[in-house]
2 protein chains.
Amino acid sequence: MNLKTLAEKLGLSQTTVSRALNGYPEVSEATRLRVQDAAVRFNYRPNSRAKGLATGRSMVVAQIVPGSSEHEMVNPIFGDFVGGATEALARFGYDMMISRVLEDDEGKIYRELHARGAVDAVILQGPSVEDPRIPLLNEIGMPYIVHGRSTGITAPYSWVDVNNKRSFRRATQFLTDLGHRRIALINGLEYMDFAQRRRSGYQEALDAAGIAADPALMCSADMTEGYGYRETRRLLHLADPPTAILSASMLAAIGIRRAIQESGLTMGRDVSVITHDDDLSYLRNGDDIPIFTATRASVRAAGAILAEQLVALISAPESGPVHHMIEAELVVGGSTGPARRRT
Amino acid sequence: MNLKTLAEKLGLSQTTVSRALNGYPEVSEATRLRVQDAAVRFNYRPNSRAKGLATGRSMVVAQIVPGSSEHEMVNPIFGDFVGGATEALARFGYDMMISRVLEDDEGKIYRELHARGAVDAVILQGPSVEDPRIPLLNEIGMPYIVHGRSTGITAPYSWVDVNNKRSFRRATQFLTDLGHRRIALINGLEYMDFAQRRRSGYQEALDAAGIAADPALMCSADMTEGYGYRETRRLLHLADPPTAILSASMLAAIGIRRAIQESGLTMGRDVSVITHDDDLSYLRNGDDIPIFTATRASVRAAGAILAEQLVALISAPESGPVHHMIEAELVVGGSTGPARRRT
DNA sequence: TTGAAAGCGCTACCAC
DNA sequence: GTGGTAGCGCTTTCAA
């Protein structure tokens, strides 16, 4: 069923039917109702491609799946973010498209998506410090929002970010308040902007507590289970091991817990772990592990927020770049006993 | 840059330029090269929507994000599957679109995607037993491939599936061979077809070993961390607890490990755990936990395989439905000592 | 308040 | 081997 046949069935012109369906004011209420009714009856849906051709907009937003040859795994919370964004976009009539790059040249994909007119805007994931994709997108003239920020970029750009610095400062301070002085940070790749911000929050809290940061207690790599495991083993074998570990990844946390357990230590008593991204709802009562967590549900919410900002940006580009900071709620799971093995 | 202006620049007709670019034979090599060169120089990309309108194909495949109001979390391996499928589809010129449903009426989405001409085919995730979406898609006439199978559907349909039954039979047999007789199964929702197949493989192996299945050792629910944790606690508090646990989810496994650890038991010595979907590369040497695992990389590969089959299906629908069984390689991590707490 | 018709950018048929 | 042209299904002036 297309516009033409629908119009014929109604004995109206395509123009009138189109107007009635798209909420134009110059249609009488009577015909509008008649048209809408018929559209439902015949299960009419305007053809996306034809509509796109005529309007010059595709009503599609693209997202590049992170994952080059180095880190093949897709972050497990990626699905949550996409789910939240997709759902929110759908409410505004947008579809979500996923692209994936093999080479390092992610810019090529953006250029092509734009030239093909395949998408109206893109979501930029995992920005690095001075991310080259930002000036590229500015040059191309494609609307976009960065999920995160990019230190060193002077040109204006739109972003939606979680306040990682504050989260990690608070988490670290939570530990120093309990008396911990040997606090390890198992961080992500530090060319990633968010990882730098987390580290800087950690650093600030240490400074505030008068603790000198120990390079032996900090590490940075692609967040995997094995990485969390190996680093935790290394940390626990130090002459002066940490009494607490700060992590930022669900996957790394699995390895961390495992390494602690293997060492015959008890989490929460011997080593406190603060982590991210877990479903820790079942740990809230009587547990002995103090845990801060940005839940997976909050990741979905972040996706939805970004989507809404993106729609706003597309609709009113003249308003300039949009910025939105998400102050993630930190949830404490488990009881919050003091550090046992203080130095 | 569009066809028209490119043709003008070359002093050729749109027809010729189009033919040269799309590999039609009736163009002279000389002009073809000239055209291709110009296309690259001017960074010309045919407009997707216009091309789609003209050809009647959208070159887009859709995937519905699983996750209704009941299970809000997206399966963490979802991203891996999508990544693999997206990459493979791109090689054939297809884009991947993600949709998400709020209501239970997933069928409505398929109907709409089809009516709008937004996609050429869809990927059906998480089929239940007698999944109603299969007859629906048959009726609509939209090409699709089911990721998994659906017992009870008599109509022909295309699928790509992992041999879950065999995997779980082998995993269970692996345990019975080691002397285990109390083997628990922490299963997914059993209206899901794959969960039923896993259970049936488990059952077969028990039967072969002459072990009567104990309902107290089996449970079924949405695979979450908390679920794995609670069920493992329950199991370990039984008068006659299991010496081994079979799980099938990365998330549930986190909870399982935690519950075991809290009980003061040691995984591998007191309780063997067999699980799925983990990055367990770091457990392969000298570890005391026997673990079978379908790695996340294999999930990506499955996505790629499904994508290839889907392209084949779209290209040659007259060949009838396609079927592809993936025999997942089972990886043993850790050493494989016998059960210690046999009954 | 309604309708005719000119595109949007491309493919594909038919003629040369 | 090359080019003219009629659509694909919709929106959007411009007229009535």
Side-chain angles (χ1 to χ4, degrees), chain A residues 1-36 38-39 42-60 93-95 112-120 315, chain B residues 1-36 38-39 42-60 93-95 112-120 315:
Chain A
M1 172 67 58
N2 59 17
L3 229 209
K4 189 176 173 189
T5 61
L6 180 63
E8 283 167 0
K9 289 212 188 255
L10 283 161
L12 289 168
S13 73
Q14 294 189 36
T15 314
T16 304
V17 176
S18 171
R19 284 201 271 240
L21 259 20
N22 289 300
Y24 281 74
E26 62 265 64
V27 181
S28 80
E29 267 319 295
T31 52
R32 161 159 292 137
L33 287 172
R34 204 158 67 87
V35 170
Q36 284 175 337
F42 295 115
N43 196 36
Y44 167 76
R45 295 268 186 290
N47 182 293
S48 306
R49 298 188 301 269
K51 193 161 185 164
L53 230 208
T55 57
R57 302 194 306 162
S58 62
M59 299 304 281
V60 175
Y94 283 87
D95 285 323
E112 196 202 303
L113 286 173
H114 189 249
R116 277 169 46 200
V119 305
D120 292 339
S315 316
Chain B
M1 172 67 60
N2 58 19
L3 230 209
K4 191 175 171 190
T5 61
L6 180 63
E8 281 166 1
K9 290 213 188 257
L10 283 161
L12 288 169
S13 72
Q14 295 188 36
T15 314
T16 305
V17 175
S18 171
R19 284 201 272 240
L21 258 22
N22 289 299
Y24 282 74
E26 61 266 64
V27 182
S28 80
E29 267 319 294
T31 52
R32 161 158 293 138
L33 287 172
R34 204 159 67 88
V35 170
Q36 285 175 338
F42 294 114
N43 196 34
Y44 168 76
R45 296 267 187 292
N47 182 292
S48 305
R49 298 188 301 271
K51 193 162 186 165
L53 231 206
T55 57
R57 303 194 306 162
S58 62
M59 299 305 281
V60 175
Y94 283 87
D95 285 323
E112 196 202 303
L113 286 174
H114 189 249
R116 275 169 48 201
V119 304
D120 292 340
S315 315

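The chains referred to below are lettered A, B, ... by the order of the sequence lines, with proteins before strands, and numbering in each begins at 1. Basis for what follows: all heavy atoms, side chains included, without hydrogens, waters or symmetry-related copies. All values reported here derive from a predicted model rather than from experimental measurement.
For the pair A:Tyr44 and D:dC10, the criterion of a side-chain N or O lying under 4.0 Å from OP1 or OP2 is met.
The nearest heavy atom of DNA chain D to B:Leu53 and to A:Thr55 marks one nucleotide each, and the one closer to the 5' end goes with B:Leu53.
Considering every non-hydrogen atom in both B:Ser58 and B:Ala118, the closest pair reads OG-O, 3.3 Å. Pairing each heavy atom of A:Arg45 with each of B:Glu112, the nearest pair is NE-CG, 2.9 Å. Shown here for A:Ala39 and A:Leu21, the closest heavy-atom pair between the two residues is CB-CD1, 4.2 Å. Among all heavy-atom pairs drawn from A:Asn2 and A:Tyr44, the shortest one is C-CE1, 3.6 Å.
Residue A:Asn47 contributes atom CG, which lies 6 Å from atom P of D:dC10 at whole-angstrom precision. Nucleotide D:dT13 holds its P atom 17 Å from the CD atom of A:Gln14, rounded to whole Å. Distance, B:Lys51 NZ to D:dG7 C1': 17 Å, rounded to whole Å. Atom pair A:Tyr24:OH and D:dC10:P shows a separation of 14 Å (rounding to whole Å applied). Here D:dT12 presents its C1' atom at 14 Å from CZ of A:Arg57, a figure rounded to the nearest Å.
The CG atom of B:Leu10 sits 7.0 Å away from the CZ atom of B:Phe42 when rounded to the nearest 0.5 Å. If you take CD on A:Gln14 and CD on A:Glu8, they are separated by 8.0 Å, rounding to the nearest 0.5 Å. Between the OG atom in A:Ser48 and the CG atom in B:Leu53 there is a gap of 10.5 Å [rounded to 0.5 Å].
A:Arg116 places a side-chain heavy atom less than 4.5 Å from the side chain of B:Asp95. Counting heavy atoms from C-beta on, the side chains of B:Lys51 and B:Met59 never come closer than 4.5 Å.
Put simply, chain A comes within 4.0 Å of DNA chain C, heavy atom to any atom, from C:dT1 to C:dG9, going 5' to 3'.
Judged purely by atom type and a 3.5 angstrom limit, B:Arg32 uses its side chain to pair as donor or acceptor with the backbone of B:Ala20.
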Open item on the list: Working note: A:Val35 + A:Thr16, criterion side-chain contact (heavy atoms from CB on, under 4.5 Å); need CA distance, chi angles, decisive distance, verdict.
Closed with: CA-CA 9 Å; A:Val35 170; A:Thr16 304; 5.5 Å; no

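Rounded to 10°, the angle separating the first-five-pair axis and the last-five-pair axis of the helix from C:dT1-D:dA16 to C:dC16-D:dG1 equals 40°.
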Listing time: all N or O pairs from protein to nucleotides 1-3 of chain D that are below 3.5 Å?
residue: D:dT2; atom: OP2; partner: B:Ser28; partner atom: N; Å: 3.2
residue: D:dT2; atom: OP2; partner: B:Thr31; partner atom: OG1; Å: 3.0
residue: D:dG3; atom: OP2; partner: B:Ser13; partner atom: N; Å: 3.1
residue: D:dG3; atom: OP2; partner: B:Ser13; partner atom: OG; Å: 3.4
residue: D:dG3; atom: OP2; partner: B:Thr16; partner atom: OG1; Å: 2.8
residue: D:dG3; atom: N7; partner: B:Arg19; partner atom: NH2; Å: 2.9
residue: D:dG3; atom: O6; partner: B:Arg19; partner atom: NH1; Å: 3.2
residue: D:dG3; atom: O6; partner: B:Arg19; partner atom: NH2; Å: 2.8

